[in-house]
Amino acid sequence: MRAIAVSEYGATPALTNLPRPEPGPGEILVRMVAAGLNPLDWKIADGMLKDSVDVPFPLILGRDGAGVVDEVGEGVTRLRHGEQVYGVFSHPERGLGSYAEYAIARDDGPVAKMPDGMIYTQAAAVPTASATALALVDEARVDTGQTVLVVGATGGVGQSAVQLASRAGAKVIATARDDMAGTMRLLGADETVDHSRGDLNGQVLAVHSEGIDAVLDMVSDATAAEHIAQLLRPGGTYISTVHSVNPDAMEARELRGVNYEGEPTAALLERLSDLIDAGALRVHLEREVPLAEAADALAANRAGGARGKTVIRI
Ligand SMILES: NC(=O)c1ccc[n+]([C@@H]2O[C@H](COP(=O)([O-])OP(=O)(O)OC[C@H]3O[C@@H](n4cnc5c(N)ncnc54)[C@H](OP(=O)(O)O)[C@@H]3O)[C@@H](O)[C@H]2O)c1
């Protein structure tokens with residue numbers, strides 16, 4: 001089968017011919033139609049897992065995807081042959097990922113029936129980014145009347161976080177350069193602040209001199225996060241998806257700091273399917289590329305400036 005793989009950490013991802021994987025007990029084999037690109041994909045290609053997982057090479061890249069169940073292994077009870085599914089198809093310890101014609105998922109793992117009426121390319125864009133956003137909004141206990149700042153709001157996780165925090169009843173402030181301010185408002189942001197203009201805290205405090213309740217941060221390093229946390233009222237919550245929070249230092253300031261590290265689950269995907277079916281969550285595709293152009297798409301994502309999700313057509 002055709003797949004995008006790296007021959008070693010740091011190598012350029014290349015279109016490669018590899019054996020089709022066999023589903024083991026409790027596993028499904030999915031004929032992939034589309035794969036969703038996440039920053040984690042190039043971070044893993046760069047060696048993010050090298051101290052924690054023994055990875056064989058070539059390593060097929062990618063986590064997210066959508067396709068049709070082609071074979072079911074022994075003991076599979078939930079998903080059926082021919083079903084349209086989406087989710088996470090990542091098994092780096094076996095060299096397997098979603099940028100391939102066939103991928104493996106566990107029947108009891110992070111995979112679910114595709115939302116009704118959704119096409120494969122849209123569904124492939126959902127799992128990691130939107131499940132993370134849903135988990136962040138849960139973890140921050142976002143509620144009616146709160147003010148929530150989303151930092152990195154224009155990216156894959158951020159666009160879903162803005163919609164879900166707004167739906168939870170919060171007043172949402174989204175970071176956005178000029179070109180994205182209107183989109184952020186359409187997604188549910190009440191206000192935008194432009195991080196490229198500097199003095200983010202000053203822009204927020206100009207409207208919210210009393211401070212805010214929560215920060216959902218997808219991009220800031222530890223120094224920037226420490227500074228942005230000054231916006232929080234006592235009892236406020238700061239969640240980072242890039243490990244920039246020092247929970248002890250936050251606690252000393254009567255704040256709750258969380259470094260979110262989570263995997264999508266079937267339960268989160270099913271909640272996302274319901275939200276999508278109800279028209280309460282939309283995922284914007286910025287770019288669709290054929291499998292052969294996956295390496296360029298990964299390089300573009302690494303360079304920054306994402307305006308939505310990138311999807312790879314298999
Ligand atoms: N811990 C976990 O479980 C978990 C799960 C999912 C994702 N993540 C991580 O979360 C991060 C975000 O993921 P993603 O998929 O949303 O990325 P993405 O789609 O590439 O989007 C990143 C967005 O952040 C914006 N941005 C960059 N610097 C900024 C700044 N200083 N202030 C405000 N916005 C800024 C970018 O726009 P501009 O460049 O135009 O500013 C871009 O729109 C990645 O590092 C990813 O690996 C972690």
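Whatever order the structure lists them in is the order used to number ligands and atoms, beginning at 1.
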Visitor: With nothing but distance in play, are any N or O atoms of Val157 less than 3.5 Å from an N or O of ligand 1?
Guide: yes
Visitor: Residues in salt bridge (charged side-chain N to carboxylate O under 4.0 Å, His left out) with Glu93, at least two apart?
Guide: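 For Glu93, no residue satisfies salt bridge (charged side-chain N to carboxylate O under 4.0 Å, His left out) once neighbours in sequence are set aside.
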Visitor: What is the closest protein heavy atom to atom 41 (O) of ligand 1, and at what distance does it sit?
Guide: His195 NE2, 2.6 Å
Visitor: In plain terms, say whether Glu254 and Arg233 are close enough for a salt bridge, that is, a side-chain N and a carboxylate O under 4.0 Å apart.
Guide: no
Visitor: Polar-atom distance check: Val151 versus ligand 1, any N or O pair below 3.5 Å?
Guide: no
Visitor: Between CD of Glu191 and CZ of Arg185, what distance do you get to the nearest 0.5 Å?
Guide: 7.0 Å
Visitor: What atoms of ligand 1 come within less than 4.0 Å of a heavy atom belonging to Gly262?
Guide: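 This gives 3 (O) as the contact atoms.
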Visitor: Other hydrophobic cluster members with Leu285, side-chain heavy atoms of Ile/Leu/Val/Met/Phe/Trp/Tyr under 4.5 Å, chained?
Guide: Val311
Visitor: My understanding is that we take every heavy atom of each candidate and find the minimum distance to atom 26 (N) of ligand 1. Doing that for Thr154, Val219, Leu40, Thr241, which one comes out nearest?
Guide: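 Checking each option, the heavy atom nearest atom 26 (N) of ligand 1 is found in Val219.
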Visitor: State whether the shortest distance between N or O atoms of Lys309 and N or O atoms of ligand 1 falls below 3.5 angstrom.
Guide: no
Visitor: Give me the residue, atom name and distance of the protein heavy atom closest to atom 15 (O) of ligand 1.
Guide: Pro39 CD, 3.2 Å
Visitor: If you count the atoms of ligand 1 from 1 in the order shown, which ones are under 4.0 Å from a heavy atom of Arg307?
Guide: 37 (O), 38 (P), 40 (O), 43 (O)
Visitor: Considering only protein heavy atoms, which is closest to atom 1 (N) of ligand 1, and at what distance to one decimal place?
Guide: Tyr260 O, 2.8 Å
Visitor: Counting only N and O atoms by type, is there a donor-acceptor contact under 3.5 Å from the side chain of Ser130 to the main-chain atoms of Ser160?
Guide: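 Checked: no pair found.
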Visitor: More than 12 heavy atoms of other residues, nucleotides or ligands under 6.0 Å from CZ of Arg80: is that the case?
Guide: no
Visitor: Which heavy atom of the protein is the closest neighbour of atom 39 (O) of ligand 1, given with residue, atom name and distance?
Guide: Gly305 N, 3.0 Å
Visitor: For ligand 1, is there an atom lying under 4.0 Å from some heavy atom of Ala129?
Guide: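 It does not, in that no heavy atom of Ala129 comes within the 4.0 Å cut-off of ligand 1.
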Visitor: Note the single closest protein heavy atom to atom 47 (O) of ligand 1, along with its residue, its atom name and the distance in Å.
Guide: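 Looking at atom 47 (O) of ligand 1, the protein heavy atom closest to it is Lys43 NZ, 2.9 Å.
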Visitor: Could you see which bit of Leu200 sits under 4.0 Å from ligand 1, with heavy atoms only: side chain, backbone, both or neither?
Guide: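 Looking at Leu200 and ligand 1, no heavy atom falls under 4.0 Å.
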Visitor: Would you mind listing which atoms of ligand 1 come within a distance below 4.0 Å of any non-hydrogen atom of Thr175?
Guide: 33 (C), 34 (N)
Visitor: If we ignore angles and hydrogens, is there a donor and acceptor under 3.5 Å between the side chains of Thr128 and Asp64?
Guide: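 Thr128 vs Asp64: donor-acceptor pair found between side chains.
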Visitor: Considering only non-hydrogen protein atoms, determine which one is nearest to atom 43 (O) of ligand 1 and report residue, atom name and distance to 0.1 Å.
Guide: Ala306 O, 2.6 Å
Visitor: Just to confirm my output: which protein heavy-atom neighbour is closest to atom 6 (C) of ligand 1, and how far is it?
Guide: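 Result for atom 6 (C) of ligand 1: Thr132 OG1, 3.5 Å.
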Visitor: Given the ring of Tyr102, does Arg31 sit roughly above its face, with NZ or CZ under 6.0 Å from the centre of the six-membered ring and within 45° of the axis?
Guide: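 So Arg31 doesn't make the cation-pi contact.
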Visitor: Using heavy-atom distances, let me know which of Ala153, Ser196, Gly155 sits nearest atom 21 (O) of ligand 1.
Guide: Gly155
